Amino acid sequence: MRRVLIAAAVFGCSEPVTPSPSDLVASDASTLTDGVNDTAVSPGVDADTTSVTKDVDPVELDGVSEMDALIDDAPSPVDIVTTADTAGDAALPSDTLDAVDAGPELPTTFELPGPIEEPPPSFQAEVELPGSFAEGVASGDPAPDGAVVWGRFLGAATATLKVVEDGGDTPSWEGPVTPGEDGILQVTLTGLTPDRGYHFAFFLSGDKTGRSPVGHFRTSPPDDALGPVRLLHTGDAKAAYAPYKMGPYMAGEEGAAFWVYNGDTVYADGSEDLEDYREKYRENWQEGNLAQVRAALPYTHTWDDHEFKNNFVPWDFPLLDAARQAYFEYHPTRVNAEDPNRLWRSVRWGKTVEVLVLDCRTERDQSKVNYLSPAQFDWLESRLLESDAVFKLIVTSAPIGTFLLSADDRWEGYPASRERIFDFIQDNAVDHVYWLAADFHATVLHRLEYGGWEFIAGPIGMTLLPIWNLLNGQPGVDFASGDFDNYHVIDLDPEAGTLTLTVKDEDGKSRGTFVYPHE
């Protein structure tokens, strides 16, 4: 056993956290370049020494009072011991259109897409309506035959949705969409051609003529197709920290299929009713850089605590229904017909990857036994066991690794659930499983007790926690930094069986590239 000293007391999206070992299993050094000159650097060391530190009013921070108490009571340094070492569930929302032309069948292989093409001429000929679509447009939960598209328009007019395949100008889809509550336009498209790019926009006629901003998404390949996949990963965006500089860089990541918005999509603490929650989303969605990413790439998402209230528990939160309703209104989501409140679902990209999106907040129970509901846990295990995808990425609201202090708000506080999923993965030899998380306002790539890996990303814009830098160089930790806003670029190569992760800062600059599994 190695003993390391880490002076750390961290407060983040959840309660204060201290980095600690996870009985991390040592591994050989990962492949790492600086991403600028392709110069080899040591694992766990930033390739760029430039860091970003934000001045923050202390009242903006989460868990300040708890943090003060921990700092007063905790020894310093903290002595920590380390060991060296399905999509078919989705149902349709109310508005579903019929495809004009399903297109030809595709081969069983695919490649990374090229740059996003310009919108079709007919879209460019229409004038964008200033202010009428202040929150922009978005798409989410892509599938081989479509995606969920989203917009918001306040007015009496009926909008017409047009969807045009890249390189064409004849609508593959065209139909009226009546705004729902709060002006929400949300349509689940089906019948489109797999592995194709599409532009979409909402058009208005009558007193107001013109269109919404133009959005773009790509349908996923057929479920039996195999090829390389690139996705993006980040989380944690508080409006007080806008503008979100990374937005244009994420939107411009060539070859990206979709992105994972890993919780704390808004900070709605203090909301008192449904309208308050809706206003928090409007505030974030109207920020131009985030709106640019939402328009350019489809995304899948989960919630954490701040979509509701800091560190809330579902058995004692009267505003649960209001917060949940606003979340589903403002995120393009495939809603389950049998249980519209159910968040957990999967998103596939061919046979290369299945992304398993968890609800780690609203189904946990007071017993400290079930971090996920029994139904969700059974679903997770069945998807891991039955999925024929090469890679299985599990999206968890809060990290599953061991970080000590204030563990009750994470998997650590539910040890039976944590042990169950770790044992299941090991006992069934489920390979290529990786965990995606946010919540900590820092990027950490570290090994879990059972040998798997967890990748913690973000923030998009929130308090930075440079204390995580102290994890650098510790056994089982490839990279840890809280010096800069960040997102991950994840490249999946099913032929080689490798996952390549590049940490990028808010200026789109690489801070290190890692290849998994390690040799």
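These numbers come from a predicted model, not from an experiment.
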Donor-acceptor pair, Tyr198 side chain versus Thr193 backbone, under 3.5 Å?
yes
Tightest non-hydrogen contact, residues Thr443 and Phe479, listed as CG2-CE2, 3.6 Å
Contacts of Thr352 that satisfy side chain to side chain donor-acceptor pair (under 3.5 Å) - sequence neighbours left out:
none
Could you state the interatomic distance from CG (Leu192) to CD (Glu165), rounded to the nearest 0.5 Å?
8.5 Å
Can you tell if the side chain of Val148 reaches within under 4.5 Å of the side chain of Val335, non-hydrogen atoms only?
no
Are Phe328 and Trp303 an aromatic pair, judged by ring center distance below 6.0 Å?
yes
Kindly compute the distance separating CG (Leu290) from CE (Met250), expressed to the nearest 0.5 Å.
8.5 Å
Is it the case that the ring center of Phe258 lies less than 6.0 angstrom away from the ring center of Trp349?
yes
Approximate separation, where rounding is to 0.5 Å, of Ile425 CD1 and Leu385 CG:
11.5 Å
Which heavy atom in Asn311 sits nearest to a heavy atom in Arg361, and how many Å separate them?
CA-NH1, 4.3 Å
Closest heavy-atom contact between Tyr267 and Ala237?
CD1-O, 3.5 Å
Within this structure, what is the CG-OG1 distance for the pair Asp224 and Thr108, rounded to the nearest 0.5 Å?
6.5 Å
Under the 3.5 angstrom rule, does the side chain of Asn289 hit a backbone N or O of Pro243 as a donor-acceptor pair?
no
Check ion pair Asp166-Arg196 (N to O, under 4.0 angstrom):
no
I need the Leu319 CG to Asp273 CG distance, nearest 0.5 Å.
8.0 Å
Salt-bridge criterion met for Asp409 and Arg364 (N-O under 4.0 Å):
yes
Are side-chain N/O atoms of Asn284 and Tyr244 paired as donor and acceptor at under 3.5 Å?
yes
Side chain to side chain contact (heavy atoms under 4.5 Å, CB included) against Ser417, all qualifying residues, sequence neighbours excluded:
Tyr371, Phe377, Trp411, Tyr414
Please name all residues satisfying ring-ring contact (aromatic ring centres under 6.0 Å, His included) with Phe455, sequence neighbours left out, ordered by chain then number.
Tyr434, Tyr516
Starting at CE of Met246, measure out to CG of Asp485 and round the result to the nearest 0.5 Å.
5.0 Å
Backbone of Phe484 reached by a side-chain donor or acceptor of Glu506 within 3.5 Å
no
Minimum-distance pair of heavy atoms, taken over all atoms of Thr302 and Val395:
CG2-CG1, 3.8 Å
Restricting to side chain to side chain donor-acceptor pair (under 3.5 Å), what partner residues turn up for Ser397, sequence neighbours left out?
none
Within a strict 4.5 Å, meaning less than it, do heavy atoms of the Ile400 and Ile421 side chains meet?
yes
Look at Asp388 together with Arg348 and state whether they make a salt bridge at an N to O cut-off of under 4.0 Å.
yes
Test side chain to side chain contact (heavy atoms under 4.5 Å, CB included) applied to Pro144 - qualifying residues, sequence neighbours left out:
Pro194, Ser220, Asp223
What residue pairs, at least two apart or across chains, pass side chain to side chain donor-acceptor pair (under 3.5 Å) with a residue in residues 137-157?
Glu135-Arg152, Asp141-Thr300, Asp141-Arg345, Arg152-Asp182, Arg152-Tyr330
Set of residues satisfying ring-ring contact (aromatic ring centres under 6.0 Å, His included) with respect to Phe203, sequence neighbours excluded
Phe123
Going by distance alone, is a donor N or O of one side chain under 3.5 Å from an acceptor N or O of the other, for Thr265 and Glu307?
yes
Counting neighbours of NZ on Lys351 that are heavy atoms of other residues, nucleotides or ligands and sit closer than 6.0 Å, is the number greater than 12?
no
Apply side chain to side chain contact (heavy atoms under 4.5 Å, CB included) to residues Leu161 and Val149 and explain how you reach the verdict.
CA-CA 9 Å; Leu161 173 65; Val149 296; 3.9 Å; yes
Can you tell me if Thr160 uses its side chain to pair, donor with acceptor, with the backbone of Pro176 under 3.5 Å?
no
Which residues share a side chain to side chain donor-acceptor pair (under 3.5 Å) with Tyr249, sequence neighbours left out:
none
Partner of His301 under ring-ring contact (aromatic ring centres under 6.0 Å, His included), picked from Tyr261, Trp259, Tyr327, is Tyr327
Electrostatic pair Glu275-Arg282, nearest N-O below 4.0 angstrom:
yes
Give me the atom names and distance for the closest heavy-atom approach of Glu354 to Ala389.
N-CB, 3.6 Å
Partners passing side chain to side chain contact (heavy atoms under 4.5 Å, CB included) against Glu181 (at least two apart in sequence or in another chain)
Arg278, Gln325, Glu329
Asn341/Arg324 under side chain to side chain contact (heavy atoms under 4.5 Å, CB included): CA gap, chis, key distance, verdict:
CA-CA 8 Å; Asn341 288 329; Arg324 186 162 44 198; 3.5 Å; yes
Counterpart residues, salt bridge (Lys or Arg N to Asp or Glu O under 4.0 Å), relative to Glu126 (two or more places apart)
none
Qualifying residues under ring-ring contact (aromatic ring centres under 6.0 Å, His included), relative to His488, sequence neighbours excluded:
His233
Ignoring hydrogens and geometry beyond distance, is a side-chain donor-acceptor pair present between Tyr299 and His331 at under 3.5 Å?
yes
Atom of Trp379, atom of Ser346 and distance for their closest heavy-atom approach
CZ2-N, 3.8 Å
Those residues at least two apart in sequence (or on a different chain) that pass side chain to side chain contact (heavy atoms under 4.5 Å, CB included) with Thr500 are Asp491, Thr513, Val515
